[in-house]
Number of protein chains: 2
Amino acid sequence: MAQKPKLQTVAQLAGVSLATVSQVLRGAGRISEETRKKVQLAAKQLNYVPDGRAAAMRSGQNREIGMVIHQIANPFNAEVISGVSDLLESEGYLVSVLDSRDDPAKEARNLEAFIRSARGGLLWVPAGEIHERALALLATHSMPTVTFLRKVVGASFDHVGIENTAATAKATHYLADLGHRNIAFFGGVGMGQVRKERIAGYVQTLQERGMPGPIVWESADTKLSGLDAAVALHDRHPEVTALVCNGDMVALGACLALPRLGLEAGKDISIIGFDDIADAAVATPSLTTLAVNPSMLGKKLARVLIDRIREPLMPQVCVTVPTQLIVRRTTGPLAACR
Amino acid sequence: MAQKPKLQTVAQLAGVSLATVSQVLRGAGRISEETRKKVQLAAKQLNYVPDGRAAAMRSGQNREIGMVIHQIANPFNAEVISGVSDLLESEGYLVSVLDSRDDPAKEARNLEAFIRSARGGLLWVPAGEIHERALALLATHSMPTVTFLRKVVGASFDHVGIENTAATAKATHYLADLGHRNIAFFGGVGMGQVRKERIAGYVQTLQERGMPGPIVWESADTKLSGLDAAVALHDRHPEVTALVCNGDMVALGACLALPRLGLEAGKDISIIGFDDIADAAVATPSLTTLAVNPSMLGKKLARVLIDRIREPLMPQVCVTVPTQLIVRRTTGPLAACR
DNA sequence: ACATATTGATATAACGTTATATCATCGGTC
DNA sequence: GACCGATGATATAACGTTATATCAATATGT
């Protein structure tokens, strides 16, 4: 239990120099099999773990990468994070995640924290508005950065996102095919990039097919908010028979409101969520939703970052992945009369 | 957009020495008001952010702390993490969380990763079994460590946990008072510390009140598993009219099974969860549960770690916080005849 | 006026690694 | 036996901070 072992300690025990130990442990340079064995044994005996800070500082590389996300508690995001971590850890990186809680000031602090510790790369799901200081800092301390889901307009970061417009267009078409004419877009707050794109797909389809509307209804991204908002929407627009939702959480919240409105999902009203979180399949009735495999998405995100780290001069990358409509029990044909 | 500014750059711009800049930025030493202003201006102009690695290395202090948790996706844990981060960030620390997925090998790798980067402190929710190597590494590289929820037997780490035994005893008494006699303990897997304590409270109460049983039924900690397990339990033990659950997730899973078993929660069967996650209040019917404020718990955890960091010689701390029974709609008096 | 504090600034040696250059030693070739 | 190219090991200077010691210059006390 003496002192924390360092390179020097291992070198003394093995009877070789500092440099030799360093080379053996990194698998670099030309070392004889004999001394290699000696050093490895000594390191094992001492429970030696190299100091990553010193290594990162000297080598100019940092195998810790930082992720700044607008909301960590969301189950969809949680799965994405798993996917990201899996791939990056298998490549020898370590991922730490900071939650901005949709607060630009906190987001700026998070980014600064990662700059301070000189992370080797940055994964960033921007909050609604972006703090001035955040961009300034990121510009001076240039580090490999990939934005995710939400794009920073006018910035040159790599990006991985979802085909939002195509997704909600698909959903709206599907509802129209079922005979629905009064369709609302439900959930989300403000006019962030993602919500704007999703609303665009919905509105476009409405116009293409000559349907009334659009009706866009706000709700924070929790079940409870979704419940309240759904009641309010029904109060104001009782004619609506279908909802294209901004996320599964609000969609499930809306489902919770139905009993007290005297409606049944899939019969009186059709609801389509977004994300396909675990609860969507298990809820009663199960939720029709727009799915994108979150762990695959996370892996793609990680892959782009790794490429950028390895190849700093690579041209800007921008990937969007398609969604899949998973039909379950909250959607059905428009009831003939009501 | 030149190069990343360092202490030297700021010093040149301000026309002072390295040491002076360092002192100004840390608020240490004796510096005249005039030069202080000059330095701060220069730092601001350059968007200077100090390199935390170098600072940590030289000063021997690290304001980054690591958290290793058995399962990050669990909503209760997510709220605890929020509480932890809030308090620690307000004290100038940065928290990074690693998920072990209940895998001792991954847990050991996570702990090693934090040792490698020489985090200033460690928050640790151990997985079921503990890897030999993890304890060996932690022993040689002694760092301030607080275990959470699950205790490591025979170790000298500080600990913050929940009064598990008292909680399930309270729940079981409550069900008995409602007239239930055939009560099962539902959920969890294996004989980890926490589950053992909770089962103990349940069994003790059964014996005290001369009731039949015990019946202990396993289920993994997801809604889906809970659903399946509940069906199986009802199949094997149809006489059971009440469940004390190991967590809200399995409790809600069990609730999902009821319709297809022809039972109604709060009437034919009573169910008590554990954790009071957000879904518990919003589910239909709402879930009676044993609550412990997760964010308060997280804050207490963070507080213990900070105390340990500040006062390394302080005697070992061990805190357990009580739970509160929140009665909602999944519990009710035993139906007279069935 | 002389020793003695006090103030404000600076020079410099760490912290634990890695990268580069250097240096022996040996076997082979002409 | 002088020269050369491998091979295997080592010495040493960074990386960007902070802590300590040092040093002028000014203020204080007798």
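By convention in this document, chain letters (A, B, ...) are assigned in the order of the sequence lines, proteins followed by strands, and residues within each chain are numbered from 1.
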Consider the side chain of [X], meaning its heavy atoms from C-beta on, and name the nucleotide among [options] that approaches it most closely.
X      : options                   : value
A55(B) : dT18(D), dG8(C), dG8(D)   : dT18(D)
R26(A) : dT10(C), dT18(C), dT18(D) : dT18(C)
S59(A) : dA19(D), dT18(C), dG8(C)  : dT18(C)
R30(B) : dT7(C), dG8(D), dG16(C)   : dT7(C)
S32(B) : dG16(D), dT18(D), dG8(C)  : dG8(C)
A19(A) : dA19(D), dT17(D), dT10(D) : dT10(D)
T20(B) : dT10(C), dT17(D), dT17(C) : dT10(C)
I31(B) : dA9(C), dT17(C), dT17(D)  : dA9(C)

Under 3.5 Å, is there a donor-acceptor pair linking the side chains of [X] and [Y]?
X       : Y       : answer
R36(B)  : S32(B)  : no
R150(B) : H159(B) : no
S17(A)  : T20(A)  : yes
R53(B)  : S117(B) : no

* Is the distance from OP1 or OP2 of dT18(C) to the nearest side-chain N or O of S22(A) less than 4.0 Å? ->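 Result: yes.
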* **Residue-phosphate contact under 4.0 Å: Y48(B) side-chain N/O, dG16(D) OP1/OP2** =>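 Answer is no, no contact under 4.0 Å.
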Separation of atom [atom1] in [X] from atom [atom2] in [N], rounded to whole Å:
X       : N       : atom1 : atom2 : result
Q8(B)   : dC15(D) : CD    : P     : 11 Å
D51(B)  : dG16(C) : CG    : C1'   : 14 Å
R36(B)  : dT7(C)  : CZ    : P     : 14 Å
E34(B)  : dG8(C)  : CD    : C1'   : 11 Å
R116(A) : dG16(D) : CZ    : P     : 16 Å
L18(A)  : dA21(C) : CG    : C1'   : 16 Å
L7(B)   : dA13(C) : CG    : P     : 18 Å
K4(B)   : dG16(D) : NZ    : C1'   : 9 Å

* **hbond_proxy R58(B) side chain to dT17(D) base (donor-acceptor, 3.5 Å cutoff)** =>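 Flag unset: no donor-acceptor pair detected.
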* For DNA chain C, whose closest nucleotide is more 5', that of M57(B) or that of G15(B)? ->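 So the residue in question is G15(B).
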* Are R63(A) and Y93(A) in a cation-pi setup, meaning NZ or CZ lies under 6.0 angstrom from the ring centre and within 45 degrees of the ring axis? ->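 Checked: cation-pi criterion met.
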* Asked: Which sits closer to the 5' end of DNA chain D, Q23(B) or P50(B), going by the nucleotide each is nearest to?
  -> P50(B)
